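For reference, the structure is listed below as structure tokens.
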Amino acid sequence: MENRRVRVRFAPSPTGPLHMGGVRTALYNYLFAKQNGGDFLLRVEDTDQTRFVPGAEAYIVEALAWCGFSPDEGIGAEDKLPGGGPHAPYRQSERKPMYRAFADQLLEAGHAYYAFDSPEDLEAVRERAKQAGNPNWQYNSITRTSMKNSLTLSEDEVQRRLEAGEAYVIRVKMPRNEEVKFEDRIRGWVSVNTLNLDDKVLLKGDGMPTYHLANVVDDYSMEITHVIRGEEWLPSAPLHVLLYRFFSWAQPEFAHLPLLLRPDGNGKLSKRDGDRLGFPVFPINWHNEETGESASGYRERGFYPQAFINMLAFLGWNPGTNQEIFSMDELIRDFNLNKVNKAGARFDFDKAKWFNQQHLRLRPEAELIQAYMKEAGARGLEIPSVDFARSAMNLFMDRAEFIGDTLDAADYLFSDPNSYDEAMVAKKWTAEAPSYLSDLDLLFAQTDYTEGHLEACFKNYLAEKGFGFGQVGPVLRLAIAGTTQGPSIFTVMELIGSEASHRRIQTAITRL
RNA sequence: GGCCCGUUCGUCUAGCGGUUUAGGACAUCUCCCUUUCACGGAGAAGAUCACGGGUUCGAAUCCCGUACGGGUCACCA
């Protein structure tokens, strides 16, 4: 058992877009699988037909692909393996016929029973219990004795109801007063007494399994060795452990991940947080045609997937060194499930942006230029040449967190300024300003239009006249760029060329 | 409320009984670089390690209790 090939799975429910917490769970699964030379599967848990949302499954597949870690097997791996792999189908709704036999196995062994109580019956019992001061009534080893099930009804009666086609569910028969223990990879030993566990429904009235049955059966059939999932599953893990025991199956190792908390207020990050927080909580844009609901994603916000996953990996894990910027390969190499934190993590968008800035600088220049040109095109800016794009981009690269930032305050590289920073004009545009510019314009006309020559020429002029840089520099800057901020003005002049520079200087003289 | 899990700077975290005057990163502030903005560099501030008891020569690190936070209590996953 110990030397089995590592196989992990990410098993989301297609009830909407996958939020970043889900992506992190998937990422940790993937990192763990790859580190151990194992398989990462994607299984869709769509046993609740009432909550099915069209497009959600495709969204999940696309989101993982964007992040750079598509499944090796299962949904989204149909191009690698026929049908997604040897354990197809990977959608639980399509596996429906398989579960019944396992429920029967439990029934025969006395670990499960039929229950005929209707949803209305249950609601009534719960309501009565509530009135009596018990807010959460449970169908358990005590209460089941007063309900309609195969434990209380006679064998004949049960048979009769079954044959009459009466609706029923199959419930697990939770043992009485037994300590269930298991060792969680992240939390250590977790122990729960079955007195606190209820007789969960295993097979629903519509013949579909609930999460608990389907999950255990599928993980077993798909030879899953490690179950890495969110902490919200910790309370039901003992039931799963019991189920493995009832089936006499080897239980996989469990690792319950800490939750991603909402940056504001309390509670875990949820899909509903959407755009309310001022930043995306989803990997990619989401739009539901039916409801018109949509939410923005990191991809469309300009994030690199490398930065996104690096940031996510660090929400709950840390290599123990001072290295923070990781490529996927480095994450695979250094990730360690045992070093995952126990406490939930609140995430910080500023740090997320910092990760993007770091990864932005790691991108190859050719790729950046392409992205730059595409972004410029989207903004309706004319790029004369690739060389121009390269220079213009690099001028603003230092200050950018996203590629789009290099274009945000750079309009003057593409067209003459159509306005001037009024505050700076008031402060720096003195009565002598026009004369400085006329002088400079003449001098520049006789120099090589390169950054070095322009600057030398400018400094010469200052020295000759005895002017200070602060007196003349901002004036030139205003004329050329309309603002006093930005990269070296001489580099800008070299880039836009002598003709445009001359024109701008003249325009400024007449307009200001 | 029951059960389960957690608790180190504002945030993410390092730390696994002495090497700790508790380290790093983001954010904040200061200075340098740049007579601009940013980048970069240097530095500051920021955590009585939730609190109270133990155990030990010695505890952020081990144990117990309390408080607080979170999760979960469906024929949802």
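If you're wondering where the values come from, they're calculated on a predicted model, not measured in any experiment.
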Separation of B:U35 C1' from A:F490 CZ (nearest whole Å): 11 Å
A:N136, nearest nucleotide to its side chain (from B:G1, B:C12, B:U72): B:G1
Shortest side-chain distance from A:K339, nucleotide among B:U72, B:A14, B:U13: B:A14
Residue mapping more 5' on RNA chain B - nearest nucleotide basis, A:S13 or A:K342: A:K342
Donor/acceptor link under 3.5 angstrom from A:R187 side chain onto base of B:C5: no
From CA spacing to verdict: side-chain hydrogen bond (donor to acceptor under 3.5 Å, both in side chains), A:T483, A:Q485: CA-CA 6 Å; A:T483 166; A:Q485 300 189 98; 4.5 Å; no
Touch class at under 4.0 angstrom, heavy-atom based, for A:D117 against every strand present: base
Integer angstrom distance from the C1' of B:C12 to that of B:U7: 15 Å
Plane angle bin for A:H19 and A:F282 - parallel if under 30°, tilted between 30 and 60°, otherwise perpendicular: perpendicular
Gap in Å between the two C1' atoms, one belonging to B:A25 and one to B:C51, rounded: 29 Å
A:E401 backbone acceptor or donor facing A:N356 side chain under 3.5 Å: yes
Of the listed nucleotides B:U35, B:G71, B:C73, the one nearest the side chain of A:F469: B:U35
Value in whole Å for how far the P atom of B:U72 lies from OH of A:Y211: 13 Å
Gap in Å between the two P atoms, one belonging to B:U8 and one to B:A14, rounded: 10 Å
Pair A:Y168-A:N149, side-chain donor/acceptor within less than 3.5 Å: no
P gap between B:A45 and B:G6, integer Å: 35 Å
Among B:C26, B:U7, B:G70, the nucleotide that comes nearest once only the side chain of A:A343 is considered: B:U7
Nearest-nucleotide pick for A:N196, side chain only, options being B:C75, B:C3, B:C12: B:C3
OP1 or OP2 of B:C76 under 4.0 Å from side-chain N/O of A:T210: no
Side-chain N,O (A:N341) to OP1/OP2 (B:U13) below 4.0 Å: yes
Out of B:C12, B:C75, B:G2, whichever nucleotide has its closest atom nearest the side chain of A:R346: B:C12
Separation of the P atoms in B:G53 and B:U61, to the nearest angstrom: 14 Å
A:R171 vs B:C75: side-chain N/O to OP1/OP2 distance below 4.0 Å: yes
Touch class at under 4.0 angstrom, heavy-atom based, for A:G473 against every strand present: nothing
N/O (side chain, A:K268) to phosphate O (OP1/OP2, B:U72) under 4.0 Å: yes
Heavy-atom donor-acceptor pair, A:K200 side-chain to B:A74 base, under 3.5 Å: no
Phosphate-side-chain proximity, A:R361 and B:G40, N/O vs OP1/OP2 below 4.0 Å: yes
A:R301 to A:F402, cation-pi by 6.0 Å centre distance and 45° axis angle: yes
Listed nucleotide nearest any side-chain atom of A:W354, set B:C75, B:C26, B:C12: B:C26
Under 3.5 Å side-chain donor-acceptor pair for A:N338 and A:R185: yes
Any donor-acceptor N or O pair under 3.5 Å, side chains A:E178, A:T194: no
RNA chain B: 5'-proximal contact among A:K204 and A:K351 (nearest heavy atom): A:K351
Among B:U36, B:C75, B:G24, the nucleotide that comes nearest once only the side chain of A:N322 is considered: B:G24
Side-chain N,O (A:K353) to OP1/OP2 (B:A27) below 4.0 Å: no
Candidate nucleotides B:C5, B:A27, B:A77, ranked by approach to the side chain of A:D350 - the nearest: B:A27
Spacing of the P atoms in B:G71 and B:C29 (rounded, Å): 33 Å
Rounded distance in Å between the C1' positions of B:A27 and B:U13: 15 Å
Among B:C5, B:C75, B:C39, the one nearest A:E231 by side-chain distance: B:C5
Pairwise P distance, B:A67 and B:G46 [rounded to whole Å]: 32 Å
